[in-house]
Amino acid sequence: MRFLILAFSTFLMGCHNPCQDLCKEMASFAEDKCQKTLSDGEVRTCIRDHTRDQLNDGDIAVCVEFADTISQEWDCADVEPYFESVSSQNN
């Protein structure tokens, strides 16, 4: 039973690609550093819009690079365009 729980947990955690993980990282950054809150729906939309079949290897490589640097090198002005585009898509 313990093995099944571990296997299921690993499967769920591993189902997002680096670009989808970046959606969650940007939402956390927005809340922690910029006092902007993205709704769960906005984060889910970002994740849905960045499935592996919609991306090429170059896109994924960029997401991997940004995921490691977002909190160190980005500021609110860098992520503001992402908030605007997500907000306009949901209106």
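The model shown is predicted, which means the values in this text are computed figures rather than measured ones.
Every residue was checked against the salt bridge (charged side-chain N to carboxylate O under 4.0 Å, His left out) condition with Lys33, not counting sequence neighbours, and none meets it. Listed by chain and number, the residues in a side chain to side chain contact (heavy atoms under 4.5 Å, CB included) with Thr37 are Glu31 (sequence neighbours excluded). With sequence neighbours left out, the side chain to side chain contact (heavy atoms under 4.5 Å, CB included) criterion links Asp75 to Ala77, Asp78. Residues forming a side chain to side chain contact (heavy atoms under 4.5 Å, CB included) with Arg44 (at least two apart in sequence, or on another chain): Asp40.
Here SG of Cys19 is found 11.5 Å from CG of Asp49. Values are rounded to the nearest 0.5 Å. Note that CG of Asp21 is 9.5 Å distant from SG of Cys63, once rounded to the nearest 0.5 Å. To the nearest 0.5 Å, atom CZ of residue Arg48 and atom SG of residue Cys23 are 11.0 Å apart. Rounding to the nearest 0.5 angstrom, the gap separating the SG atom in Cys76 from the CD atom in Gln35 is 7.0 Å.
Put simply, the residue from Arg52, His50, Glu25 that forms a side chain to side chain contact (heavy atoms under 4.5 Å, CB included) with Pro18 is Arg52.
A pairwise comparison of heavy atoms in Trp74 and Phe66 identifies CZ2-CD2, 3.4 Å as the closest pair. Taking each heavy atom of Val43 and Ala27 in turn, the nearest pair found is CG2-CB, 3.7 Å.
In the hydrophobic cluster analysis, where Ile, Leu, Val, Met, Phe, Trp and Tyr join through side-chain heavy atoms closer than 4.5 angstrom, Ile60 is grouped apart from Leu22. Hydrophobic clustering (ILVMFWY, side-chain heavy atoms < 4.5 Å, transitive): Ile70 and Val62 are in one cluster.
Sorted by first and then second residue, the side-chain hydrogen bond (donor to acceptor under 3.5 Å, both in side chains) pairs with a member in residues 54-64 read Thr51-Gln54; sequence neighbours excluded.
When atom types are taken as modelled, the side chain of Thr69 and the backbone of Gln72 share no donor-acceptor pair closer than 3.5 angstrom.
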